[in-house]
Structure formats: C-alpha cells, structure tokens
Amino acid sequence: MQEFLLPAIKTAMQAAAITTEKPVQLEKPADKKNGDYSTNIALLLSKECRRNPKDLAAELIERMTFPEGTVEKITVAGPGFINFYLEPSFIMQSVEHVLVEGKGYGSSCTGKGRNAIVEYVSANPTGPLTIGRGRGGVLGDCIANLLETQGYAVTREYYFNDAGRQMQILGESVRYRYLERCGKGGKFPDTHYQGDYIRDIAETLFAEHGSALVDSTDLGVFKDSAEAIIFSSIRKTLERIDIRHDSFFNEHTLYTVRENGKSANDEVLELLNSKGFIGRYDGATWFLTTKLGQEKDKVLVKSSGEPSYRLPDIAYHLDKYRRKFDLIVNVFGADHIDEYPDVVEALRILGHDTSKMRVAINQFVTTTVNGETVKMSTRKGNADLLDELIDDVGADATRLFFIMRGKDSHLNFDIELAKKQSKDNPVFYLQYAHARICSLLRMAAEETGFKPDGTGRHLMQELTSEPEVQLGFALLDYPEMIRSAVRLLEPQKMVEYLHSIAELYHKFYQECPILKAEPEICTARLFLSLATRQVLQNGFRILGISAPESM
RNA sequence: GUGCCCGUAGCUCAAUGGAUAGAGCAUCAGCCUUCUAAGCUGAGGGUUACUGGUUCGAGUCCAGUCGGGCAUACCA
C-alpha cells in the first residue's frame with residue numbers, strides 16, 4: 001500500500017541534496033487527522049542539516065511527485081511531520097487485492113523452503129493439564145500458525161519425560177490409592193500426588209485386576225497405566241482446543257546408549273569437554289559457566305551418576321540443530337527463565353548459530369476466585385484444570401483469553417468472571433461481526449442474486465464515506481500486522497487488530513445501509529463486507545477460533 | 001542479595017521514541033414497525049508508582065528508589 005511513498009521521499013531528498021545515514025520511517029498516525037501515513041524525517045534531519053524542520057519538510061514536499069490518483073494531499077504538521085493523505089478511491093481500489101488473494105491474503109513466502117520447529121506444552125505425564133500450561137500451549141500453536149503463513153514448513157513438537165523421579169512418585173501415588181481401594185491403605189504421604197485423578201486411575205486398575213496387584217512389588221504396572229491414562233487425557237484436552245503436535249520427543253531416548261556405545265548425553269559431555277567447559281569436583285560433573293562470567297557452575301551429572309535436567313536439555317537442542325531446522329522456537333513458562341541461557345551458551349560453544357533459536361517466554365497465569373489469588377500446584381491437587389475451563393467457557397474463549405494479553409504480562413484469570421462471561425466474552429464481538437456478514441450475504445443472494453464471483457468488484461472505488469474508507473484502509477494493514485506478529489512472536493497483536501476490524505465493520509454496518517442502497521452502491525458494499533469477512537476468517541484461522549456463520 | 005518480567009482509568013489490559021495516552025468490563029444517558037441490539041452513539045473516570053537524566057519529542061530509552069511476580073537445587 002505505502003510502498004510507493006518511500007522511494008518518492010528518497011528521490012525528494014536527493015533532489016534537495018540531502019545525504020544521511022538515517023533511515024526514512026513511515027508510520028500510521030493514531031489520529032486520522034494526521035494523515036494516512038506520516039514521516040518524521042525532517043525532524044530527524046534538522047540537526048545535521050542545521051535547518052528548521054518545518055522549512056525542510058516544506059522543501060521536501062515541493063520536490064515529491066506521485067502517480068496520478070494516489071495521493072490527495074501532503075501537509076507539514078506539528079513540529080515538522082510530513083503527513084500523506086491518500087485518495088479514497090485509491091484505497092478502495094486496493095481492497096480488491098484482499099478478494100483476489102482470498103485465503104492467501106496476508107501470507108508471504110519469506111519462509112519458503114525453510115524448516116521451523118516450535119516446541120510447546122511439553123508437560124510431563126504426571127497429571128492433567130493446568131490452566132497455566134494452556135497459555136503456553138495456545139501461544140505455541142498460534143506462533144506455529146503464524147510461521148506457516150510465512151511459508152515455513154513447521155514441525156510442532158512436544159518434549160516429555162516418562163522416566164525419572166517424578167514418574168516414580170506418580171507410580172507410588174497410584175499404588176497408595178489402589179491399596180486404599182482394596183482396603184489395605186496406610187497413610188497417604190504429603191509428598192505425593194493428591195489429585196482426584198490418581199484415585200480414578202487406581203479405580204481403573206481395580207476394575208481390571210481386582211485385588212490381584214496388592215502384593216505386587218513391581219511399581220511398573222502402576223506407573224505405566226498412570227502414564228498411559230494421563231497422557232491420553234492430556235492429548236484429549238489439547239485436541240479440544242485444537243492443539244495437535246506432529247512429533248513427540250521422549251527425553252528418555254537421550255539416555256539410551258546407541259551403536260557407537262554412547263548416549264546423546266555422553267556425546268554432549270564429550271563435546272563440551274573438548275572445548276574445555278567440563279569440570280569434575282564434589283563428586284559431580286559441571287558445566288563451567290563461571291568461565292562465561294556467570295556466578296556459579298551448573299551441574300550436568302550429579303554425584304549419584306544421574307544427569308541433571310540440564311544435560312538432556314542441551315542434548316535435545318543439539319538434536320534439533322542436527323535435524324537441520326532453520327528456525328527453532330521454544331515456548332516456555334517463566335519458571336524456565338534461568339535455564340535456557342545455559343542451553344544457548346552450550347550450543348554457541350559447540351559452534352552452532354544461536355540466532356536461529358528464539359525463546360518465547362510467557363509469564364504465569366494467576367487464577368483468582370472471589371478476588372483471592374489461588375496458588376496452584378499439581379502435587380497438591382489444587383491446580384485449576386484446563387479441561388474444566390474449557391467446559392466452562394468453551395474452546396474459542398479459552399484460546400482467545402490466553403493470547404489476548406501480551407506474553408510478558410502476568411495473566412490474571414478470574415475463574416468466576418470467565419464462567420459468567422459466556423455472553424460478555426470478547427470472543428463474541430469478533431465472531432458476531434463474522435456472523436453478521438454471513439447473514440447479510442445470504443440475504444443478498446436471495447434478494448438481489450448477488451454472487452461473490454468478482455463481477456462488479458471494481459465498484460468499491462465508488463465508496464467514499466468515512467466508515468467505508470476507514471474499514472477498507474484497515475483491511476490493507478493485515479499483511480503488515482502478521483509480519484509484525486511473527487517478528488515479535490506475539491499473536492496478541494492479531495487479537496487487537498481483529499478487534500479493530502470488527503469495530504470498524506460494526507460502525508460501517510450501522511451507518512451505511514447495504515441492501516437498501518442503490519444497486520451499484522449495494523454491490524460495492526457487499527464486496528467490502530466480503531473482503532472484511534475474508535480478513536476475519538484468515539485471522540481466526542491463525543488464532544484457532546471458529547468462524548460461525550450465524551449466532 | 002543477584003538475574004529476568006511487570007507497575008498505565010474503579011477492574012482487566014493496549015499504545016514500532018511521536019501529535020489530545022486508548023479499548024473492554026463496570027457506572028450513567030440515548031438509538032430497534034427498517035440488512036442479526038452479542039450492535040451503535042455519547043458522558044464521566046489519568047500527576048502512566050516515584051526521582052533524576054538522554055532529545056526537537058519519553059508511558060516507552062538510561063540511572064536510582066519503592067511495590068508485585070518468577071527464578072536463583074547435585075527437582076524437571
């Protein structure tokens with residue numbers, strides 16, 4: 001849309017004999033009064049040119065030329081901004097691109113031929129998914145969707161561990177409940193998983209085996225069935241909000257010894273050792289991060305001989321690099337904030353390009369009930385479950401709720417509000433705009449025989465009223481909005497944008513009669529509605545919310 | 001103590017260093033015999049936690065202070 005403005009400004013600068021290192025910036029003023037586009041170049045250059053910014057701006061404007069019918073006027077405003085006002089017919093004519101490109105509108109091919117991996121959720125199968133995990137899950141899924149619009153081939157991966165101490169405790173927890181069920185229970189330890197789901201698993205085992213397992217000393221059956229049941233419940237929950245993974249990576253495989261006699265973990269130790277970053281003291285093996293200016297070294301292998309979580313983490317990311325991804329995105333909760341810098345450092349030491357790796361950290365979700373903050377813990381069984389949230393507010397609202405805030409903000413989730421919000425929920429505002437358009441188009445097909453096949457599309461140029469042009473102009477912003485969301489790994493940008501589109505449409509709908517207008521204007525307004533629906537649909541697909549045809 | 005994130009309307013949150021700091025919810029006042037009122041229009045509500053600094057310009061950047069969250073494990 002604004003592509004032709006930059007060259008015109010640069011040409012004007014050359015004509016005025018101005019050379020500078022400073023980039024020319026175009027921005028969209030918040031207030032329409034200040035034009036459709038604006039540049040601050042005269043303000044930036046006034047010092048090095050030793051000229052009054054307003055005079056400089058006036059001279060630049062003198063020297064600019066544009067194709068006929070594109071720019072309506074240019075003004076100098078405020079301290080020296082140059083403001084561009086576009087011809088409404090030029091804007092409305094450009095809206096045709098939305099319809100021409102259809103589902104592909106907003107896509108680009110900047111990532112074409114490149115592979116990306118997005119890792120998210122990655123919860124170990126020790127219990128049902130909590131609300132907190134849901135935030136990272138939706139964030140990761142939307143980031144993956146965003147990357148796909150840019151042409152990336154995206155692998156969605158889930159990293160989990162079904163071995164180790166936590167799973168041991170899980171197995172024991174189930175056994176305690178099972179023994180209770182058989183009437184032989186002792187006191188249930190505070191250190192174990194107390195959620196009701198443990199009882200359910202024990203009940204399932206009891207239904208299958210009766211009391212036959214009472215004397216079993218093998219924890220395996222308890223652990224394995226718990227893992228299977230919990231993992232399947234996690235996946236079911238994720239599916240309810242349309243989150244699916246292509247690939248499940250088991251941390252355990254990093255421990256298994258391969259044909260060359262080494263595990264992936266061993267290999268990382270060797271590699272880091274060869275670079276001089278491994279030390280042994282206090283009976284443990286350390287990553288010598290003090291050499292990198294950190295306060296302490298980090299344990300990689302405990303004195304017991306077991307690796308700490310850091311070692312497989314590094315091995316896992318090394319594996320991602322070896323799988324030849326061009327872009328590696330990790331979506332973590334804030335509790336991992338201290339860990340990823342070590343992984344990055346290790347990979348850098350091993351000679352990998354760490355600029356390929358990006359980390360999206362989402363701050364915690366705090367849940368409040370009756371204004372009181374509830375502390376969550378899977379172990380204590382008082383965690384707020386994602387499944388229950390979906391039951392209460394539905395899949396669309398659940399998804400939207402998690403991404404309508406910036407990932408760096410703590411998300412305050414008022415459970416009661418969410419429950420009674422079924423009607424006031426922000427998701428309905430967006431969906432209502434879509435349903436309204438669908439209804440309108442149905443009616444148009446019946447009453448006027450309108451067909452969305454492109455005939456008469458050019459009539460949009462005839463629309464000149466403020467609500468129409470503002471809506472059209474906003475629709476043209478969509479591709480840039482996506483690029484910005486991708487750059488920042490921040491789908492929240494999309495939510496705000498779509499909200500503004502819905503708002504502009506409702507305003508247009510209110511002020512401009514459509515079916516009752518003159519035939520040509522009617523057709524033009526129907527095409528504008530169609531373009532709006534296209535942008536809403538494309539945006540909804542990225543956010544993973546449904547586009548209802550009626551409400 | 002140290003590191004990271006946050007502090008903006010009564011509440012939940014926006015604002016690539018730009019012009020009069022914006023939405024939603026809540027409150028109040030209007031708009032349906034007319035294309036979906038889950039909508040629209042308007043009103044009230046602010047010392048952007050505080051103090052300095054950088055510059056044409058700071059909610060945004062820098063330094064410090066205060067407050068909240070997370071992390072600072074040979075847990076994952």
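Lettering follows sequence order; numbering is per chain, from 1.
Here A:Gln431 lies out of heavy-atom contact (under 4.0 Å) with every strand. A:Arg165 comes within contact range of no nucleotide atom at all, as no heavy-atom separation falls under 4.0 Å. Counting non-hydrogen atoms under 4.0 angstrom, A:Ala284 reaches a base of the nucleic acid. Residue-level contact check: A:Glu447 touches neither bases nor backbone, having no heavy atom under 4.0 Å from any strand. A:Cys438 comes within 4.0 angstrom of nothing in the nucleic acid, heavy atoms only. As judged by a 4.0 angstrom heavy-atom cut-off over every strand, A:Met551 is placed among the base-contacting residues. Nucleic acid contact class of A:Glu446 (heavy atoms, under 4.0 Å, all strands): none. Among the protein residues, A:Pro513 comes within range of the nucleic acid bases, having at least one heavy atom under 4.0 Å from a base atom. Among the heavy atoms of the strands, none lies under 4.0 Å from A:Ser500. Backbone-only engagement by A:Gly406 is indicated by non-hydrogen atom pairs under 4.0 Å involving sugar-phosphate atoms exclusively.
Comment: A:Arg483 engages A:Glu480 in a salt bridge, judged by a side-chain N to carboxylate O separation of less than 4.0 angstrom. Look at A:Asp342 and A:Arg310 and you find a salt bridge, because one of the NZ, NE, NH1 or NH2 atoms lies within 4.0 Å of a carboxylate O, short of that distance. The pair A:Lys32-A:Glu466 does not meet the salt-bridge criterion, since no charged nitrogen lies less than 4.0 angstrom from a carboxylate oxygen. Ion pairing between A:Glu59 and A:Arg51 holds under the 4.0 Å rule for side-chain N and carboxylate O.
Between A:Phe231 and A:Tyr158, the ring planes are tilted. Angles from 30° to 60° get that label. Classification of the A:Tyr37-A:Phe473 ring pair by plane angle, with boundaries at 30° and 60°, yields perpendicular. Ring planes of A:Phe287 and A:Phe277: perpendicular class, angle over 60° (limits at 30 and 60°).
For A:Lys296, whose side chain is taken as the heavy atoms from C-beta onward, the closest listed nucleotide among B:U72, B:C35, B:C70 is B:U72. Among the nucleotides B:A19, B:C70, B:A38, the one closest to the side chain of A:Ala77 is B:A19. Comparing atom distances between the A:Ala435 side chain and each of B:U36, B:U41, B:G18 picks out B:U36 as nearest. Side-chain proximity of A:Tyr509 to B:U36, B:A23, B:C13: nearest is B:U36. Side chain of A:Glu496, nearest nucleotide from B:G39, B:A14, B:C40: B:A14. Comparing B:C70, B:G18, B:G24 against the side chain of A:Phe81 picks out B:G18 as the nearest.
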Strictly under 3.5 Å: I want the nitrogen or oxygen pairs between protein and nucleotides 57-61 of chain B, one per line.
none

Pairs under 3.5 angstrom, nitrogen or oxygen only, protein versus nucleotides 2-9 of chain B, please.
residue : atom : partner  : partner atom : Å
B:C5    : O2'  : A:Asp408 : O            : 2.7

Any N/O pairs under 3.5 Å between the protein and nucleotides 28-34 of chain B? List them or say none.
residue : atom : partner  : partner atom : Å
B:U34   : O2'  : A:Lys516 : NZ           : 2.0

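In this structure, B:C32 shows a glycosidic angle within 90 degrees of zero, which is the syn conformation.
Where A:Met404 and A:Glu549 meet RNA chain B, the nucleotide closest to each residue was compared, and A:Met404 sits on the side nearer the 5' end. Of the two residues near RNA chain B, A:Gln492 and A:Pro79, the one whose nearest nucleotide lies more 5' is A:Gln492.
Looking at A:Leu269 and A:Leu311, their side chains come closer than 4.5 Å, going by heavy atoms from C-beta outward.
The nearest pair of heavy atoms linking A:Pro189 to A:Gln194 is O-NE2, 3.9 Å. Of all heavy-atom pairs between A:Asp36 and A:Pro29, the closest is O-CD, 3.6 Å. Across all non-hydrogen atoms, the minimal contact from A:Ser529 to A:Ile514 is OG-CD1, 4.2 Å.
The base of B:C74 lies outside donor-acceptor range of the side chain of A:Ser304, with no N or O pair under 3.5 Å. The base of B:A76 lies close enough to the side chain of A:Tyr309 for a donor and an acceptor atom to sit less than 3.5 Å apart. Taking 3.5 Å as the limit, the base of B:A19 and the side chain of A:Asn83 contain a donor-acceptor pair of atoms between them.
For an aromatic pair to be called close, the ring centres must be under 6.0 Å apart, and A:Tyr316 with A:Phe249 satisfies this. For an aromatic pair to be called close, the ring centres must be under 6.0 Å apart, and A:Phe508 with A:Tyr505 satisfies this.
Straight-line distance between the C1' atoms of B:C32 and B:G39: roughly 10 Å, to the nearest whole Å. With both ends at atom C1', the span from B:U27 to B:U54 equals 42 Å, rounded to whole Å. Rounded to whole Å, the C1' atom of B:U34 lies 44 Å from the corresponding atom of B:U16. Comparing B:G44 with B:C6, their P atoms sit 32 Å apart, to the nearest whole Å. The P atoms of B:U60 and B:A26 are separated by 32 Å, rounded to the nearest whole Å. Spacing of P atoms, B:C5 relative to B:A15, comes out at 16 Å, to the nearest Å. B:U8 and B:G59 are spaced 7 Å apart, taking the C1' atom of each and rounding to whole Å. On the C1' atoms, B:G7 is 6 Å away from B:A49, given to the nearest whole Å.
Proximity of residues 32-39 of chain A to RNA chain B (heavy atom under 4.0 angstrom from any strand atom) is restricted to A:Lys33, A:Asn34, A:Ser38.
Computed from coordinates, the A:Asn362 CG to B:C70 C1' distance equals 12 Å when rounded to whole Å. For the pair A:Lys298 NZ and B:A76 P, the computed distance is 15 Å after rounding to whole Å. Counting to the nearest Å, the C1' atom of B:A71 and the CG atom of A:Asp335 are 9 Å from each other.
Neither side chain, A:His336 nor A:Asn330, offers a donor N or O lying under 3.5 Å from an acceptor on the other. A donor atom on one side chain and an acceptor atom on the other are found under 3.5 Å apart for A:Arg436 and A:His506. A:Gln168 and A:Glu172 form no side-chain donor-acceptor contact under 3.5 Å, judged by distance and modelled atom types alone. Checked by atom type, the side-chain pair A:Asn250/A:Asp162 shows a donor-acceptor distance below 3.5 Å.
Remark: side-chain polar atoms of A:Thr289 are not paired, donor with acceptor, to backbone N or O of A:Gln294 under 3.5 angstrom.
Close to B:C40, at under 4.0 Å from its OP1 or OP2, lies a side-chain N or O of A:Tyr429. Side-chain N/O atoms of A:Lys493 include none lying less than 4.0 angstrom from OP1 or OP2 on B:A14.
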- Bracket notation of RNA chain B in which parentheses pair within the strand, [ ] cross earlier pairs, and | pairs with another strand (Watson-Crick or G-U, under 3.5 Å): (((((((..((((....[...)))).(((((.......))))).....(((((..]....))))))))))))....
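Residues passing the side chain to side chain donor-acceptor pair (under 3.5 Å) test with A:Lys223: none are found, sequence neighbours excluded.
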- Determine, stepwise, if the pair A:Gln537 / A:His434 fulfils side-chain hydrogen bond (donor to acceptor under 3.5 Å, both in side chains). CA-CA 8 Å; A:Gln537 283 175 356; A:His434 183 269; 3.1 Å; yes
